[in-house]
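The next block holds one structure in the form of structure tokens; read it before the comments.
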2 protein chains.
Amino acid sequence: MATIKDVAARAGVAVGTASRVLSGSPQTSPDSRRRVLAAAAELGYIANGPARSLRRARTDVLGLLVSDIRSPFFSELAHAAEQEARAHGYTVILANANEDAAQADAVLDVFAAQRIDGLLLSPQGPKTPRLEALIAANLPIVLLNRSIDGVDAPLYGTDNAGGVAQALAWLQRRGHRDVAFIGGPESFSTGAERHDAYLAGREAHGISTDDALIDAGDFLADGAEAAMRRILDRGVTPTAVFGANGQTTLGAMRAVRERLGAEAASRIEFVSFDDVEWFAFMSPPVSAVRNDATGIGRAGVRGLLSLIGGGTAASERIPTTFVDRSEGAAA
Amino acid sequence: MATIKDVAARAGVAVGTASRVLSGSPQTSPDSRRRVLAAAAELGYIANGPARSLRRARTDVLGLLVSDIRSPFFSELAHAAEQEARAHGYTVILANANEDAAQADAVLDVFAAQRIDGLLLSPQGPKTPRLEALIAANLPIVLLNRSIDGVDAPLYGTDNAGGVAQALAWLQRRGHRDVAFIGGPESFSTGAERHDAYLAGREAHGISTDDALIDAGDFLADGAEAAMRRILDRGVTPTAVFGANGQTTLGAMRAVRERLGAEAASRIEFVSFDDVEWFAFMSPPVSAVRNDATGIGRAGVRGLLSLIGGGTAASERIPTTFVDRSEGAAA
DNA sequence: TTCCGTCATGGAATCGTTTCCATAGCTCCG
DNA sequence: CGGAGCTATGGAAACGATTCCATGACGGAA
């Protein structure tokens with residue numbers, strides 16, 4: 001590949017001048033500008049990123065660490081983050097930690113070796129040694145969706161309280177009193193926030209405060225299925241079920257169908273935190289609180305770029321949208 | 001951050017020796033090995049990737065260019081590719097082109113600037129100038145799922161013919177004669193291959209060869225819905241519908257429900273190329289040809305690494321799995 | 001004992017940029 | 001007409017690693 005030396009030679013200037021032209025320094029004459037740009041175009045010159053990064057001590061690369069890009073939330077977030085980053089001249093390197101702290105640490109080492117300018121982190125659990133090292137090294141970091149104890153970085157995530165409030169309002173409008181709530185793990189900040197918001201808001205929305213109607217799973221279908229079974233085993237008869245995330249709602253639906261049969265199950269309304277494409281096809285259709293993963297990804301990148309630029313960044317709770325698919329609702 | 005100079009100083013050796021130890025050269029004494037490794041550990045030394053890349057003229061970075069990471073197929077593929085690459089010491093940078101050739105070209109420039117060692121490319125359309133430049137520069141490239149005219153790179157993709165054969169066999173087992181087929185754009189190699197395989201195989205599987213039953217959309221729900229309506233407008237009455245991808249099947253279902261009503265629609269069986277999570281919840285459930293996106297991603301990375309290593313790589317068609325969700329099928 | 005070969009090491013060159021520093025050529029003004 | 005100030009430029013240093021080359025130490029063989 002052509003180097004800047006080739007460009008300079010062809011343009012008949014020194015490499016310093018060529019560099020100034022190509023990086024847009026104002027200290028250049030129109031004449032050398034013209035000749036350098038022409039030479040660069042003729043040679044198809046593309047600057048060597050590693051060399052530039054070495055000299056400038058910045059890479060214009062961001063690291064994105066998620067648990068699993070296959071989840072719709074993260075794939076949407078990753079798409080938005082990549083678009084936003086590229087619009088600002090940054091590149092994104094992607095890694096999955098699969099909810100495994102050891103893998104997360106391995107990835108952080110790779111990121112450190114690449115000398116990323118900033119980190120978009122969806123925490124995989126408690127703080128790890130590598131993460132502490134990066135924080136100590138003053139790497140700009142923003143957190144996505146989940147917080148993490150002892151890490152003082154801005155958090156860009158779903159407005160869990162607001163989303164739960166939307167669901168509660170809908171349950172009230174639909175006249176439900178006996179509502180089963182299947183939560184997620186308390187160890188996830190998302191699980192805890194949704195749970196707390198539900199407990200805090202249910203009474204004001206005319207919903208039974210019987211704790212027999214409440215149980216928690218692990219944010220996965222199987223755990224939620226077991227939780228729903230435990231609730232039904234207590235002899236309560238909910239008219240609606242609120243799942244704290246998409247997989248949870250799915251698991252709860254399985255348990256209800258299995259225990260009560262398809263017929264009776266179709267008379268129970270489900271509402272879910274997290275909207276999932278196929279909720280529209282259920283009978284009855286499932287209404288849902290939709291996360292704005294795109295908004296979170298964009299806001300996260302913007303916050304991170306602000307930190308990189310030496311500015312500040314504040315946590316943001318990105319509002320959810322409620323998708324009402326109940327009978328009476330407008331299409 | 002600590003540099004190799006710091007490590008060498010602390011270990012009391014020259015930088016050359018430190019470098020040899022850290023990069024595992026055999027030309028080192030046990031004594032200096034011990035001291036350098038200890039110094040590196042104490043300083044938390046992590047080699048500067050850009051500096052190393054500059055000198056070695058390789059980055060250990062792969063570029064992954066897809067149309068949209070939000071599609072389940074690509075997010076699964078990206079997950080697998082990232083895992084496989086990391087297992088071999090490579091990092092993946094991600095970019096979405098959104099089916100837009102201009103964006104794809106912009107991304108290729110970024111990749112070139114990053115001096116990626118290899119490119120995993122899901123083509124966005126015909127060959128572009130930047131792509132030609134990269135090919136001319138001898139960048140190792142593999143294609144994912146779609147081929148592209150005039151590019152002689154190994155292709156890792158779904159076995160479209162095999163998948164269609166699985167669907168045809170299922171249609172035959174279920175005794176369908178009047179089958180509607182909604183294809184995709186002929187300009188996509190996937191669309192063309194599935195279409196061709198269907199035409200070539202239908203007669204042998206006892207399926208009507210009436211071309212009134214065939215139409216094509218754009219691989220998106222709306223286009224497929226329109227195509228399905230056109231078929232129904234021709235007065236034919238299919239007992240089953242075969243959608244050439246997930247969105248296509250979804251669109252066809254919408255058209256059928258709208259035209260025939262939910263009742264009649266539930267007597268039509270759907271089969272789809274591409275399996276989608278919620279097909280299990282349809283009534284009746286939708287059977288599907290499942291792409292092995294993970295297999296494609298892994299095979300693609302392995303092929304690319306072989307090319308990077310100076311070896312060869314051959315195109316592979318990754319087999320599909322048929323997910324039979326029809327009444328009689330075993331769970 | 002001497003010589004040769006092997007092996008670990010130190011030091012320097014190198015990769016391709018950016019940026020600093022010194023200088024040469026201008027313009028402008030007194 | 002001469003000097004001050006400004007701008008564009010050439011040349012070189014610097015970024016942090018790898019790798020080449022030369023040297024010194026050591027061991028074995030004659």
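Just so it is clear, the values below take in all heavy atoms, side chains as well, and ignore hydrogens, waters and symmetry mates. Chain letters run A, B, ... following the sequence lines, proteins first, then strands; residues in each count from 1.
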Specify the residues of [range], ordered by number, for which at least one heavy atom lies under 4.0 angstrom from an atom of DNA chain D.
| range | answer |
| --- | --- |
| residues 1-18 of chain B | B/T3, B/I4, B/G16 |
| residues 31-45 of chain B | B/Y45 |
| residues 129-137 of chain B | none |

Practice task
Using heavy atoms and a sub-4.0 Å distance, could you list which residues of residues 47-63 of chain B are near DNA chain C? By number, please.
Solution key: B/L54, B/R55
Completion exercise
So the salt bridge (charged side-chain N to carboxylate O under 4.0 Å, His left out) pairs with at least one residue in residues 28-39 of chain A (sequence neighbours excluded) are A/D31-A/R34, A/D31-A/R35
Problem - Contact list for residues 101-124 of chain B, test salt bridge (charged side-chain N to carboxylate O under 4.0 Å, His left out), sequence neighbours left out - result: B/D109-B/R130
Problem - Sugar-phosphate only, base, or nothing, as touched by B/S19 at under 4.0 Å among non-hydrogen atoms - result: base
Handout entry: Sugar-phosphate, base or nothing in reach of B/P30, heavy atoms under 4.0 Å
Key = nothing
Just distance, no hydrogens or angles: give the donor-acceptor pairs under 3.5 Å from side chains in residues 8-21 of chain A, sequence neighbours left out.
| from | atom 1 | to | atom 2 | distance (Å) |
| --- | --- | --- | --- | --- |
| A/R10 | NE | A/E42 | OE1 | 2.6 |
| A/R10 | NH2 | A/E42 | OE1 | 3.0 |

Practice task
Go through the structure and list residues passing salt bridge (Lys or Arg N to Asp or Glu O under 4.0 Å) with B/E193, not counting sequence neighbours.
Solution key: B/R317
Handout entry: All salt bridge (Lys or Arg N to Asp or Glu O under 4.0 Å) counterparts of A/K5, not counting sequence neighbours
Key = none
Practice task
Assign a letter to each nucleotide of nucleotides 21-27 of chain C from its 5' end: B, base within under 4.0 Å of a protein heavy atom; S, sugar-phosphate only; -, no contact.
Solution key: -------
Practice task
Measure the angle between the two terminal helix axes of the helix from C/dT1-D/dA30 to C/dG30-D/dC1, five base pairs each, and quote it to 10°.
Solution key: 50°
Handout entry: DNA chain D: 5'-most and 3'-most nucleotides touching chain B, 4.0 angstrom heavy-atom criterion
Key = D/dG16 to D/dC20
